[in-house]
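Report on the following structure.
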Amino acid sequence: MADQIRLRVDGHDVVVPAGETILAAAEAAGVSIPTLCHAPMLRPSGACRMCLVEVEGARGLLTACSTPASDGMVVRTRTDQVVEARRTVLELLLTEHPLDCLTCEKTGDCRLQDYAYEYGVTGRDVAGQSRKERAPGEAMLDDSNPFFIRDLEKCILCGRCVRMCHEVMGYGAVDFVSRGASTKVTTAFDVPLQESPCVFCGNCLTICPTGALHPKASRGKGRVFQYEKVRTICTYCGVGCSIDLHVREGRVIGASAAPGPANRGLVCVKGHFGHDWLHSPDRLTTPLIRGEDGTFRRAGWDEALDLVAARLEEIKGKGGPDAIGGLASAKCTNEENYLFQRMMRAAIGTNNVDHCARLCHASTVAGLAASFGSGAMTNSNWEFEHSEAIFIIGSNTTETHPVIGAVVERGRQAGATLIVADPRETEMARRADIHLQHIPGTDVALLNAMMHVIVTEELDDREFIAQRTEGYAEAAALVAKEYSPQRTEQITGVPADKIVAAARAFATAGRGAILYSMGITQHTTGVDNVRSIANLAMMTGNVGRYATGVNPLRGQSNVQGACDMACLPGNLPGYQLVADAAHRGKFEKAWGVELSTRPGLTLTEMVNAAADGKIRAMYIMGENPMVSDPDLNHVREALESLDFLVVQDIFLTETALLADVVLPAAAYAEKDGTFTNTERRVQLIRQAVRPPGESRADWRIISDLLGRLGHPLSYSSPAEIMDEIAGLTPIYGGISHERLASGEGLQWPCTDRNHPGTPFLHGERFSRGRGQFAAIHYRPAAEQTDGEYPVILTTGRILYHFHTGTMTRRAAGLHATVPEGFIEVNDQDAAEMGLADGLKVRVVSRRGSIVTAARVLRTLRRGVTFMPFHFAEGAANILTNAALDPIAKIPELKVCAVRLEPLAPPGPAIAVNAGHTHGGEGR
Amino acid sequence: MANRRIVLCAGTGCVSSGSLEVRDALVRELTKRNIADQFEVVTSGCHGFCEQGPLVIVHPEDILYCRVQAGDIPELVEEYLIGGRIVERLLYRDPVTGKSVSDHMKIGFYAKQMRNVLRNCGVIDPENIQEYVARQGYAGLRKGLAMDRMAVIDEVKRSGLRGRGGAGFPTGLKWEFTFKAKGDKKYIVCNADEGDPGAFMDRSVLEGDPHAVVEGMLVAGYAIGADEGYVYVRAEYPLAIKRLRVAIDQAVQYGYLGRNILGSGFSFTLKIKEGAGAFVCGEETALLASIMGERGMPRPRPPFPANAGLWGKPTCLNNVETFANIPLIMRQGGDEYAKIGTPRSKGTKVFALTGKINNTGLAEVPMGITMREIIFDIGGGIKDGKAFKAVQIGGPSGGCIPESLLDTPVDYDSLIKAGAMMGSGGLVVLDENTCMVDLARFFMDFVQSESCGKCPPCRVGTKLMLETLERICAGEGTLGDIDWLVELGTKVKAFSLCGLGQTAPNPVLTAIRYFREEYEAHVRDKTCPAGACTALVDFVVVPEKCKGCTRCIKVCPVSAITGKVKEVHHIDPAVCIRCGACLETCRFDAIIRGKAAKVGEVAS
């Protein structure tokens, strides 16, 4: 075959695909060649010269890492000259490298050390040369950032970090500087990393072959041979990165990126350096019961659980099962969420179960179910590396899903056209070929205008539309008639020519992928937005193929799983329907109870029902609505009016403070189970350390409670729970812990034990049969600006924090980097209202007011402000509007009207440092 | 109508010695005398004879006046231009015979040259495209455009032209590779990042005949199917950049560049990329990285630029002089071109003669000429009557050639055999006062500080070699150091990534090969036979010659010299800082480099 080539490496014949390097061919032949600068994912550099090999007929030695193998090639990797080359390189490197392996953090995990050992190079044997010893004060060590230490004396200039930062992450924070013996890797103008574009993902550190880069927090706490690595999944966003927790003497001393299928060895600053809260003294260690005096007292498990069971039974007795509502957790495992909804449905008897997906992707679940038949990301994380056009709308990908941000960057560098629609100039927007900076809440108009161009210029995929979809004519007619780019410009504020360019670029690409997140979903038009995206994807034939699709990026480690497990009022596990008698019957049989057919309330509705006195008790597992939900004053009133509130969590959160009983739970690193990531991949999490004090895994707590609620169950492990799930849930039918432990995770649908999982959905047919177009009219956001509240506030996340900050604000490095909240304001707006960077400002909406610090930006749209919602003090959600999407009941967290009142007069004498603005928000 | 043409050299050398002031003075003078209309005053590119600048040539008689200053103009106009009497004192004077020579081409410096590539340099106004066209400019392009693309490549292959940047890769073959490489977009790149110390051939060609380079690139573009080209010029060549820019603008204006060139359907645009002065950017992959906005660092080949160059597209990269040869090949045909030179090295080569030589400047010679002819016939021999020691060819990548090999023919292969290389064409002539250790140290210092730092053999290896050479120059070397330099140098050559590292040890290795005893003198006897290594040399007074004039005492900055008027002076080696001021100031050659007598042996 022409695309296979045959060559001989050290006497072994080997056949490899054409285009492979000598290094890859040698590996295939079982011959190992040493490398220092080569690393997976990075382009060959040929710098270190360790992989020089002899090739018959070639002039001089060739680098195996960069030289393509060719047919008939004869390669020798162990000749005298080759070994001499390796020894020479090591000898030369060691004339400069400190020989302090005794105290080096990297000892045992250092390639230089390994090769020095293998080739017997001591670092003292360069003939006639005296080692240059650096004077003590001359150490080239930078420990000024909270995450990792750069010790340039140990740098061998292999360039891996440089290439990682440029070729993979796309930041280019470091590069080679100077020439000759003075060459070093550093930032532009040699400023500290924290003043550079560095985002501290530490992926450079992962691939550094020496001790030049190492984590700061674990310095002196143990080296690779002293700690155990426990492979698990990161607890933060929905990307589902594999990480190794480093465990020594019962404590997690650090973490490193692991080569999982979702992340391929990449990780972000949170996953890399944000786990120290596990051992925070603030962790809950015993159940707490609120006493007569209103304060908490410690209690034993039996007392606490008995009390919870008794009070729930009592309220159920008085008000019926629907007087009780439950919020499950997107940060708990599938097994725990499954048990939670079983408790609510089977033991309590209500469908009032929901979770924070209501606040993030309820619109996706509803919208995509209507358009395609199933509401999940259609394609897989790493497919975007091969997309030809990537359209990101309403997702600050590099900050909220950093590793997917890296995949998009890989795609961009490989030539994909990147189109970003975002009211803010995010890092991704800066990288984009086309940035559509629309006014918040005008997504439907923007998308319709793009479709107008596609329809009127006949760029639509007629064949796909005819064969796979229905309802096109009406949708096409609407956009063609009413949404010309020129007219839409008035609504969105995006110049018509940019809309035209974006539409053409997306429609004409062979493989176009759309990525979105909460910029799309958190609107009163959330479902409309999602359906418009679905329209665009179907119109251009970009569904059901590799590297295309409609890709909602899920925000939490197991928000997909919590939805899959039916912590949603209308569903049974696997999106089976409560309203469907056959589906219900299956679970009734399995659970041995009759299930309620009464529709359950959503999270937002439960809050309102509590305020209205219809819900009398709530059970909240691992959620913090007192920071995450809109209109917090209203949430507080609602929760305070309950007769009974149970909160099960790892910290005494703002919500737990309102509880009658607080149950201490185990964190992700303290239990086994599974998370389902944004690409529907079910992956194992593994227990690394014991839960602190008497805290217990959530699944154990619920099991214990179920018995007290008259629904006794006994599970010996989460694996057993998963077996039950698999038996009842077709899309999880083939999933078991045993299979997951031996493989790379399984992407649902995975219907039986032999099913390999499904990387992309809707390949042959849509889940609902034909894709359904919808003609969607643009509707303005619920709250419009006016004279009193003249500015739009939009909210979101930042790189260094996660959700309500419960974890990240207790992670020392993350918290130190961004210790407090802020509001981003356009510079001209700021000037007009007398506001300057760093000054305090009161932000007032119709629902409340908060005080925060201003960050003045040139890149923001005029009339638009942005706040992260992570910070309980000065919480953005005091201000936000709880108006709901009529179908998904998701609140409009992304648009509300506010007024800014500067608290201090600006003056030229006030020099203000905006603090750490890296990570995209302020840069 | 002007009937006489006065050409003033306006190359960088002559400009800096005042040629523009000379031109202004000349124009003023001619205007003042109301005879301006009889003369066409033109500034040209470099004539090559920089040593004698500013140069003024008067046509049609082709008389050359040297070292003309603005103050000479009234006399020159009065006596020669009006009076017809040759101004003897401004003529070139043969350093050997001492006779003045008026006929430009009879001067030894020019007589043995074969000015093909430089034919327009010093003759035409480089900022006037019409003068280029008048001398058959763009005729080669016109001819090429009428030919099949492969036929153009065959013509270049037949010419035997090899890359003039140093490595000598056959140009036609490179073109063929790029022609055959798959890709809808291809590039032509001209390497004008001339970085060798002492080399200025490319600069002079760009300054003196920029259209020749443009034309060469156009022919290459047509042949390989490229529609875009870059000239990568170092920013330190402002005049070359300016003239190239003018040339490009004029070529566009005249239809030689742009869309549908000369109605052929072939389109080509040409851009200038200014380099930031990194020596390593002369290496082709580093140069391409630099054009793409990356740090100029080399990468391993394959893939070669012919397959994956600029932005991953097939790219043909040649040096300035290579492209400047192309119009000639196209005009006269490859076979005719190949009549000059040796069997494996065809055509001519331009060399920059510098160092301890009488005729510093640019010389173009046929391949195969001997080094002796270049140095003694064209270069006029060694300055100040000193003895020839060696010639360093190829700059920091090349090596030295000792007197015993002076009859080596100058071609690619013979030079490699001698341990040197053609390089881009820098010739640094060394005399008896040049120390070969010190020279090697100088070049090693250069390559070490210009190493891009990417691969350990070059980055660290050259540093260790430099440190060793510094020790030897300081009298702290050991005999083992010499062998170790050879051992390490050989490894650095073998294991380095790019041409810079692979050739960096050449100056040291050839110096040890031909002048080992000089190295040994440094480490064994702690002396520097050439008297150049200050740590190993004392300045001593020769008592027999010293007249006791006290001039040296007055210039000594550290009061190391003592003595009374009309008595023999004495230099205290412990105080002396070896600045050499005394030696320069002594009128009686009474101070020499040597070894001071040990304490106790000093004659009072």
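Reckoned from all heavy atoms, side chains included, excluding hydrogens, waters and symmetry mates. So that the names make sense, note that chain A is the first sequence line, chain B the second, and so on, each numbered from 1. Just so you know, these numbers come straight off a predicted model, no measurement behind them.
When each of Leu52(A), Leu62(A), Val89(A) is scored by its heavy-atom pairs under 4.5 Å with chain B, the top score falls to Leu52(A). When the candidates Gly480(B), Cys452(B), Gly312(B) are compared by the number of heavy-atom contacts under 4.5 Å with chain A, Cys452(B) comes out ahead.
The interface of residues 176-185 of chain A with chain B, defined by heavy-atom distances below 4.5 Å, comprises Phe176(A), Val177(A), Ser178(A), Arg179(A), Gly180(A), Ala181(A), Thr183(A). Proximity to chain A among residues 285-306 of chain B is limited to Arg295(B), Met297(B), Pro300(B), Pro302(B), judged by heavy-atom separations below 4.5 angstrom. Of all residues in residues 39-48 of chain A, those placing a non-hydrogen atom less than 4.5 angstrom from a non-hydrogen atom of chain B are Ser45(A), Gly46(A), Ala47(A), Cys48(A).
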| Can you list the steps and then say if Leu92(A) with Leu488(B) is a side-chain contact (heavy atoms from CB on, under 4.5 Å)? | CA-CA 10 Å; Leu92(A) 292 173; Leu488(B) 181 58; 4.1 Å; yes
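Within the structure, side chain to side chain donor-acceptor pair (under 3.5 Å) contacts touching residues 51-64 of chain A (residues at least two apart or in different chains) are Glu54(A)-Thr79(A), Glu56(A)-Arg76(A), Thr63(A)-Ser66(A).
Between the CG atom in Leu464(B) and the CD atom in Glu96(A) there is a gap of 7.5 Å [rounded to 0.5 Å]. One finds the CZ atom of Arg49(A) at 10.0 Å from the SG atom of Cys458(B) (value rounded to the nearest 0.5 Å).
Counting non-hydrogen atoms of neighbouring residues, nucleotides and ligands closer than 6.0 angstrom, the NZ atom of Lys417(B) reaches no more than 12 such neighbours. The environment of CZ in Arg516(B) is crowded: more than 12 heavy-atom neighbours from other residues, nucleotides or ligands sit within 6.0 Å.
Contacts of Thr462(B) with chain A are absent, with no heavy-atom separation under 4.5 Å from either backbone or side chain. Looking at Leu36(A), there are no atoms closer than 4.5 Å to chain B (heavy atoms on both sides), in backbone or side chain. The parts of Leu157(A) that come within reach of chain B are both its backbone and its side chain, each placing non-hydrogen atoms under 4.5 angstrom from that chain. Both the backbone and the side chain of Lys454(B) come within less than 4.5 Å of a heavy atom in chain A.
Between Phe495(B) and Gln81(A), the closest side-chain pair of non-hydrogen atoms falls below 4.5 Å. Residues Leu93(A) and Arg459(B) are in side-chain contact: their nearest non-hydrogen atoms beyond the backbone lie under 4.5 Å apart.
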